[in-house]
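Take a look at the structure below.
Every heavy atom of this structure was used, including side-chain atoms; hydrogens, water molecules and symmetry mates were not. Note on naming: letters A, B, ... go to the chains in the order of the sequence lines (proteins, then strands), and numbering restarts at 1 for each one.
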2 protein chains.
Amino acid sequence: MPYSTAPARTRRNDPGRRDRIIDACLDVIAESGVAGASHRRVAAAAGVPLGSMTYHFAGMDELLVEAFTRFARGVSDQFEQRMTAATDVDSARRAVADLITRDVFGSQRDLVLTHELYTLASREPAYRVITNAWMTRSRAALERHFDPVTAQMLDALIEGLTIHRALDTKPQDPALVRTAIERITALRSDTRT
Amino acid sequence: MPYSTAPARTRRNDPGRRDRIIDACLDVIAESGVAGASHRRVAAAAGVPLGSMTYHFAGMDELLVEAFTRFARGVSDQFEQRMTAATDVDSARRAVADLITRDVFGSQRDLVLTHELYTLASREPAYRVITNAWMTRSRAALERHFDPVTAQMLDALIEGLTIHRALDTKPQDPALVRTAIERITALRSDTRT
DNA sequence: TCCCTATGTGTACGATCGTACGCATGAGCC
DNA sequence: GGCTCATGCGTACGATCGTACACATAGGGA
């Protein structure tokens, strides 16, 4: 294996470069936070010269928006796929429980990135567009199996349980997650008004 | 009003200085994020010289930990007070609903600070001590009116609903919050194992 | 084959950062 | 009233940041 596995691009022709920068940006954020994501650090992680940063992106904000848009889309895709795979209400409940108990944001990376995104969204409306699209898709996916109101409540419950499970240092009881899902999704006659 | 309202401290005697730095630090974080909270900026906000920063705190981390500890304690105090004020299960449910629908993290400030804290906690265990203490107190407060398992589920539900309400740009239906609380806290016989 | 131009790169600049350290100063003791 | 020393401050240094801009270079037309 004498050469790099990459096809040794000439400098004029590297169509994937922009994408690689975005991916590297997410890696750096996961590692060092939005605060630590400088042009230089991202460039080094992506293996591109510093000048490429300003060439491909107008500023750090543009890069961040694109990076988090890609991240949210990826997580949404995965969630949607799971919900589509569920055939009935019970398997949907099980899929949701698995999502919370097993994935727990699929390792540290997704957890950190999600919180970084929420932090940005809590301050700047531009990022709220991303979180809103994410929430909308999650609810739509849940509505394949639950009524809209239940879907929205379940979406919030998933959020809270996932965060608390990820932050809690004590061991968790999976039964609690199942019970919570059952209570929220249980069909009842007294839905009020 | 010829002079500042402050008692014009001599430089050797200003016992509140350390506290004022911590408060100013929270202000700066709420405004510009943890990333924008530099020694210089916090010092300017607190009205103290730059040298005071390194004198009172070993580094930025120490200051951040103290600041977020104070913040979490304040929010916990408020929550505990509300739960103590509730006399029975129904008024506790109403108190929780009010907390979510009305306060919504009591303006932008608390929302931003909470997310900044969660972001730090997701990366560094030192901050998870703070979030754990917060969660423990919340659950204990809820356990005044609900069984431990329900309290934990309700705590997670509050988290999710609050975050989603804060980030969502569309108008919210308060009835959904009430319904979710009722479903989670409803006494049922099939709590499983 | 040779030149021209769009594409991409290397570098340098001004600003801002955390931190260390020498020095001014006021409180307490004689 | 004067001396002393712990307390607290001003400043300077090296590192790192985002960004602008002059320049190298490869691809395509003649």
Side-chain angles (χ1 to χ4, degrees), chain A residues 3-4 6-68 116 120 123-124 126-127, chain B residues 4 6-29 31-68 116 120 123-124 126-127:
Chain A
Y3 297 109
S4 165
R9 302 273 179 200
T10 60
R11 63 193 283 272
R12 284 294 295 277
N13 194 14
D14 188 0
R17 169 157 298 195
R18 209 184 128 92
D19 282 344
R20 268 190 295 124
I21 292 175
I22 294 176
D23 287 336
C25 180
L26 287 174
D27 287 341
V28 172
I29 292 171
E31 178 95 16
S32 319
V34 169
S38 66
H39 280 187
R40 283 173 168 81
R41 204 116 56 142
V42 173
V48 302
L50 175 60
S52 287
M53 293 290 120
T54 50
Y55 181 76
H56 286 290
F57 303 95
M60 205 59 192
D61 276 341
E62 189 180 313
L63 175 54
L64 284 179
V65 168
E66 290 214 38
F68 279 116
E116 293 278 2
L120 288 173
R123 202 190 321 278
E124 292 172 49
Y127 296 93
Chain B
S4 163
R9 301 273 178 199
T10 60
R11 62 193 284 273
R12 283 294 296 277
N13 195 14
D14 188 359
R17 170 156 297 193
R18 209 184 129 93
D19 283 343
R20 269 190 293 124
I21 292 175
I22 294 176
D23 287 336
C25 181
L26 287 174
D27 287 341
V28 172
I29 292 171
E31 178 95 16
S32 319
V34 169
S38 67
H39 280 188
R40 284 172 168 82
R41 204 116 55 142
V42 174
V48 302
L50 175 61
S52 286
M53 293 290 119
T54 52
Y55 181 76
H56 287 290
F57 303 93
M60 205 58 192
D61 276 341
E62 189 180 312
L63 175 53
L64 285 179
V65 168
E66 290 214 37
F68 279 116
E116 294 278 2
L120 288 173
R123 202 190 321 279
E124 293 171 48
Y127 296 94

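- The CG atom of A:Leu63 sits 11 Å away from the P atom of D:dT19 (whole-angstrom rounding).
- One can place NE2 of A:His56 at 16 Å from P of D:dT19, the figure rounded to the nearest angstrom.
- The environment of A:Glu66 atom CD is dense: over 12 non-hydrogen atoms of other residues, nucleotides or ligands sit within 6.0 angstrom.
- Look at B:Ser52 and you won't find any side-chain N or O under 4.0 angstrom from OP1 or OP2 of D:dG8.
- Rounded to an integer number of Å, the gap from CZ of B:Arg18 to P of D:dT7 is 14 Å.
- Looking at A:Phe57 and A:Val65, their side chains never come closer than 4.5 Å, going by heavy atoms from C-beta outward.
- Here A:Asp61 pairs with nothing under the salt bridge (Lys or Arg N to Asp or Glu O under 4.0 Å) rule; sequence neighbours left out.
- Pairing each heavy atom of A:Glu62 with each of A:Arg18, the nearest pair is OE2-NH1, 4.4 Å.
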Identify the pairs formed between an N or O of the protein and an N or O of nucleotides 17-21 of chain C at a distance under 3.5 Å, and give each distance.
residue	atom	partner	partner atom	Å
C:dC17	OP1	B:Ser38	OG	3.3
C:dG18	OP1	B:His39	N	3.1
C:dG18	OP2	B:His39	N	3.0
C:dG18	N7	B:Arg40	NH1	2.6
C:dG18	O6	B:Arg40	NH2	3.0

Would you list the atom pairs, donor with acceptor, under 3.5 Å between side chains in residues 32-55 of chain B and any protein atom, with sequence neighbours excluded?
residue	atom	partner	partner atom	Å
B:Ser38	OG	B:Arg41	N	3.2
B:Arg41	NE	B:Gly36	O	3.2
B:Arg41	NH2	B:Gly36	O	3.3
B:Thr54	OG1	B:Gly51	O	3.2

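- Closest non-hydrogen pair, B:Ala67 versus B:Ile22, comes out as CA-CG2, 3.7 Å.
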